[in-house]
S.K.: 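Mind having a look at this structure? Questions to follow.
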Amino acid sequence: MRELSVLVQTIIGGIGIGSLYALVALSTSMIYRSMGLINFANGSIYMVGTYLGMIWYRGMVMGLQFSYWVSFIIGILLCAGFGVVMERVFRKLADVDLRNMLLGTIGLGFILDNLMIIIFGAEGFAVKSPVSSKPIILGSIRILPQNILLVTVAAILVIALQIFLTKSKTGKAMRASAQDRDIARTMGIHVNQSNAITFAIGFGLSAAAGILAAPIVYVNPAMGSAVGTKAFAGAVLGGLGNIPGAILGGVSFGIIEAISAGYISSQYTKGISFIIVLVVLMFMPSGILGEKQVDKV
Amino acid sequence: MFLELEHLTMKFGGLVAVDDISFSVNKGEIHGLIGPNGSGKTTIFNMLSGYYKPTSGKIVFEGKNITGLPAHKVTQAGFARTFQNLRLFKSMTVLENVMVSMGHLAKTQLLNVMFNPIAAQKENDLFTEKAMKLLDLLDIRQYAHNLAVSLPYGTQRRVEIARALATEPKILLLDEPAAGLNEVETNELAEILTTIRQSGITIFLVEHDMKLVMGSCHEITVIDYGKKIAEGDCDCVRSDPRVIEAYLGKEEDL
Amino acid sequence: MKKNPKTLKLILFSIAGIALLIFPLLAKNSYQVHILNLVGIYMMLSLGLNIAMGYAGQMNLAMGALWAVGAYTAGLLNQRLGLSLWLTLPCAIVAGGLVGGFVGLPALKVRAHYLSIVTIGLNEVINIILVNETKLTGGVDGISKIAKPALFGFKINTEQRYYYLILIAVIATFLISRQILSGRVGRNFRAIRDDYKTAPAMGVNAGFYKLLAFIISGCFAGAAGALYAHLNAYISPDIFEHKTTLFIMTLTMVGGLGNLNGSLIGSFILPVLQEYLRAIQDWQYVVYGLAIMVVVLFVPGGLMQVFTLLKPYVTMLTSRFNKLKSGTTVGEDSNVS
């Protein structure tokens with residue numbers, strides 16, 4: 001009985017962190033789907049998004065200070081706007097081959113990381129949680145309120161996104177242009193515009209993930225690199241370009257990480273998670289929900 | 001028997017692309033495979049060349065079961081193929097494209113060509129000489145040092161055939177070699193096919209151009225919806241009511 | 001007339017050769033020589049990556065870890081068994097090749113971006129092992145006091161002396177790379193890069209050549225690792241992290257993928273540029289990132305592409321120069337252009 005509750009608690013912790021990965025993975029996957037671009041700067045964008053929100057919460061700009069949730073909204077909106085601007089840069093990168101895309105987005109991440117160091121300094125800051133840090137106790141299971149908050153807000157965002165994509169006219173246009181750019185163009189859908197919206201959403205989701213994570217991690221310009229790689233691994237695990245896949249992959253990665261940290265070895269956590277992704281890919285080369293590629297010749 | 005297909009079946013998910021097809025190809029002949037679009041020709045072609053693994057059935061070549069072998073093993077067994085939509089190596093000259101196909105015949109040890117400049121040079125010289133002969137055969141010697149993909153369509157088709165022949169096959173599989181060629185080029189192609197056959201290589205031809213098929217093939221197999229509907233020589237196939245129906249139904253003339 | 005460019009080439013080569021030979025004597029201090037020694041090691045790494053990524057098209061994003069395998073093999077063999085560089089070097093090459101082949105195994109199943117995340121992951125795994133297997137690897141403290149080599153009693157114990165060792169190693173690596181790529185193996189690499197689906201129909205065993213590409217890059221990284229371990233005398237896991245892999249990839253791509261000269265140029269320019277950029281502190285990385293973006297967006301073929309673009313102008317200039325020298329007037333063909 002005790003063992004079971006430890007396991008449940010571990011999994012709950014994994015889902016919490018996993019929903020952060022899922023949000024960033026979603027951003028990676030949506031951008032990939034819309035223009036075939038692999039964004040290796042997604043970790044940096046997550047970090048920039050965190051700053052864009054937390055500078056208001058901490059009153060770092062002209063003494064203006066807002067509550068956590070107002071900062072949350074401002075951060076998402078600013079980062080979404082940043083996404084619209086960046087779409088113009090990424091549009092160019094989407095046309096080059098994979099290796100150049102990789103290098104280009106890495107270069108971009110490099111610029112963002114170091115600009116943040118120049119502006120805010122390399123040492124970061126801690127952020128106070130908007131909810132109580134006292135764990136909620138359910139029988140023998142202890143859950144941190146911040147964890148519940150993470151999962152709830154992430155779930156709300158994902159559901160809202162799904163409704164937007166399937167019900168709204170813009171969302172439908174976006175899905176159409178993701179499926180076939182040329183056909184979408186002939187149907188009168190403005191592909192660049194719908195890509196810009198994809199970027200706004202993707203960057204907004206990354207910012208949301210970062211701001212939600214801020215109270216449990218230490219906010220600093222280097223915070224993005226590990227999350228970026230893990231989210232990418234999550235997106236690949238679920239199947240690149242597949243929205244439910246990104247969520248599934250991100251959350252699974254979080255759970256795998258938590259279980260291997262709790263039960264196998266905390267030092268080898270990261271290694272074990274990657275090995276599991278590798279094993280899954282060996283059997284499902286396009287990820288869990290990714291479209292199976294038929295070798296057409 | 002030279003090449004025998006026994007009850008070959010290929011399913012993609014629930015879809016049956018090729019359904020229990022059996023026929024044989026005789027040594028030294030030109031064998032045609034025809035059928036309306038989507039009838040399963042390319043699927044058969046891809047199974048023969050090792051690109052698809054048949055769901056069931058057997059492919060027997062010179063008495064050996066080669067079903068499900070990977071593509072490079074099939075090539076080593078004596079098969080060569082071309083691709084419908086020109087797939088030449090884009091960073092290579094015509095000569096290099098042809099030389100790639102000779103690699104699997106090489107007698108020099110791998111480590112020897114990697115680290116011994118003299119052995120490597122000798123092998124390259126030998127390959128170049130052999131490749132040049134093939135380029136002569138297909139009348140494209142003057143393009144030897146041009147980037148293959150920069151050449152006109154018809155010429156690229158010839159490079160594809162030269163590249164396939166360079167593997168020194170016993171049987172050459174051609175996937176719609178006349179697609180995109182004009183009448184003059186198609187006639188030249190027919191001549192090339194005859195020359196290749198005369199050198200002792202069997203040809204298996206998937207083609208839409210009926211004039212080419214009827215003019216060159218000794219034996220024809222007709223398929224529709226993944227099933228064999230007729231086989232025999234040209235006259236026999238041409239007069240078969242099921243063949244006429246299959247083609248008329250799809251408004252293609254024989 | 002035909003002789004001219006050849007003699008010119010010969011003269012340029014001799015000048016470059018002499019410059020390379022006497023550089024340690026001209027250098028202001030041994031730090032400058034040290035930087036150049038590192039440049040040489042990067043060149044070896046970059047040549048290895050170029051063969052895998054540039055020629056065979058395989059996303060090998062574990063070069064940092066493969067470098068570590070070479071360095072740790074050499075470091076441990078020296079520390080535990082007292083072997084000299086002459087023995088640790090071949091062992092490191094073998095170890096690098098073996099691990100390289102292991103890292104390449106997933107390439108048989110997955111490709112492109114999927115392969116890149118898998119190799120990034122394996123880079124992490126190897127690094128985590130280095131950090132945590134403290135008993136074997138010394139953990140985060142790494143291995144220190146790795147002995148400098150000696151040749152027949154002549155101690156190669158200064159940066160200047162080590163410089164010549166690395167010079168020889170780089171030349172050897174370059175010539176071996178050129179040799180490997182000039183024949184059957186090079187053609188098969190390019191075939192699987194250009195079109196991995198059609199290559200098998202030409203009898204190319206794609207899986208074997210993918211693995212071979214990884215093994216070769218591993219061997220080169222292994223050699224670079226041994227040289228680095230004995231040069232630096234100290235190695236630790238943080239030197240070989242993911243960011244190092246990215247740095248090696250960056251120099252290779254800035255120089256030019258699929259071009260061996262590109263590896264040499266990229267490995268020289270970027271580390272030297274970094275030294276000069278130190279003066280602007282934090283901004284150096286921003287400038288560095290911008291430089292990458294410029295290359296990717298405007299000259300995706302790297303600096304070697306710039307040279308190819310400039311080539312017609314150079315030929316034009318030299319031919320005009322030659323004509324002037326041989327007495328014909330330039331005006332004769334000026335109406336042609």
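Hydrogens, waters and symmetry mates play no part in the numbers below; they use all other heavy atoms, side chains included. Fair warning: this is a prediction, and the values are worked out from it, not measured in the lab. Proteins come first, then strands; the chains are lettered A, B, ... in the order of their sequence lines, and each starts at number 1.
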S.K.: Write down the atom of Tyr114(C), the atom of Leu240(A), and the distance for their closest heavy-atom approach.
M.R.: OH-N, 3.4 Å
S.K.: Is chain A contacted by the side chain of Leu108(C), its backbone, both, or neither, given a heavy-atom distance below 4.5 Å?
M.R.: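 Neither part.
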S.K.: Nearest 0.5 Å, what's the OH-CG distance between Tyr285(C) and Asp113(A)?
M.R.: 12.0 Å
S.K.: Select, from Ile128(C), Ile117(C), Leu297(C), the one with the greatest count of heavy-atom pairs under 4.5 Å involving chain A.
M.R.: Ile117(C)
S.K.: Under a 4.5 Å cutoff for heavy-atom pairs, which residue among Asn114(A), Asn100(A), Thr269(A) has the most contacts with chain C?
M.R.: Asn100(A)
S.K.: Out of Leu278(A), Val277(A), Ile118(A), return the one with the most heavy atom pairs under 4.5 angstrom to chain C.
M.R.: Ile118(A)
S.K.: Return the CG to CZ distance between Leu246(C) and Phe40(A), rounded to the nearest 0.5 Å.
M.R.: 9.0 Å
S.K.: Supply the atom-to-atom distance Met284(A) CE to Lys109(C) NZ, rounded to the nearest 0.5 angstrom.
M.R.: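 Here the interatomic distance stands at 11.0 Å.
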S.K.: How long is the straight-line distance from OG of Ser116(C) back to CE of Met101(A), given to the nearest 0.5 Å?
M.R.: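 Here the interatomic distance stands at 11.0 Å.
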S.K.: For Tyr209(C), I'd like to know if atom OH has over 12 heavy atoms of other residues, nucleotides or ligands within 6.0 Å.
M.R.: yes
S.K.: Quick one: of Val286(C), Ile120(C), Leu122(C), who has the most non-hydrogen atom pairs under 4.5 Å with chain A?
M.R.: Val286(C)
S.K.: Give, for atom CE of Met293(C) and atom CG of Leu103(A), the distance between the pair rounded to the nearest 0.5 Å.
M.R.: 9.5 Å
S.K.: Among His242(C), Gln284(C), Glu133(C), which has the most heavy-atom pairs under 4.5 Å with chain A?
M.R.: Glu133(C)
S.K.: Is any side-chain heavy atom of Val118(C) closer than 4.5 Å to one of Met282(A)?
M.R.: no
S.K.: With respect to chain A, which residue among Leu61(C), Asn127(C), Asn132(C), Ile292(C) yields the maximal number of heavy-atom pairs within a distance under 4.5 Å?
M.R.: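 Among the listed options, the one with the most contacts to chain A is Asn132(C).
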S.K.: Looking at CZ of Phe110(A) and OG1 of Thr250(C), how far apart are the two atoms once the value is rounded to the nearest 0.5 Å?
M.R.: 7.5 Å
S.K.: Check whether any side-chain heavy atom of Pro106(C) lies under 4.5 Å from a side-chain heavy atom of Leu281(A), and answer yes or no.
M.R.: no
S.K.: Side chains of Val125(C) and Lys270(A): closer than 4.5 Å at any heavy-atom pair?
M.R.: no
S.K.: Name the region of Ile106(A), side chain, backbone, both or neither, that has any atom closer than 4.5 Å to a heavy atom of chain C.
M.R.: side chain
S.K.: Should His113(C) and Tyr32(A) count as side-chain neighbours, where that means a heavy-atom distance under 4.5 Å?
M.R.: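 In short, these two side chains touch, coming nearer than 4.5 Å.
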S.K.: So what's closer than 4.5 Å to chain C heavy atoms on Thr229(A): side chain, backbone, both or neither?
M.R.: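 For Thr229(A), the contact with chain C is made by backbone and side chain together.
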S.K.: Do the side chains of Val296(C) and Thr105(A) get nearer than 4.5 Å, heavy atoms only?
M.R.: no
S.K.: Side chain from CB out, backbone as N, CA, C, O: work out which of these in Leu257(C) comes under 4.5 Å of a heavy atom of chain A, or both, or neither.
M.R.: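 Just the side chain, heavy atoms under 4.5 Å.
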S.K.: Does CZ belonging to Phe120(A) count more than 12 external heavy atoms closer than 6.0 Å?
M.R.: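 Result for CZ/Phe120(A): enclosed.
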S.K.: When you compare the side chain of Tyr268(A) with that of Val131(C), does any pair of heavy atoms fall below 4.5 Å?
M.R.: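 Val131(C) vs Tyr268(A): side chains apart.
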S.K.: Are the side chains of Leu102(A) and Met253(C) in contact, using a 4.5 Å heavy-atom criterion?
M.R.: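 They are not in contact (no side-chain heavy atoms under 4.5 Å apart), so the answer is no.
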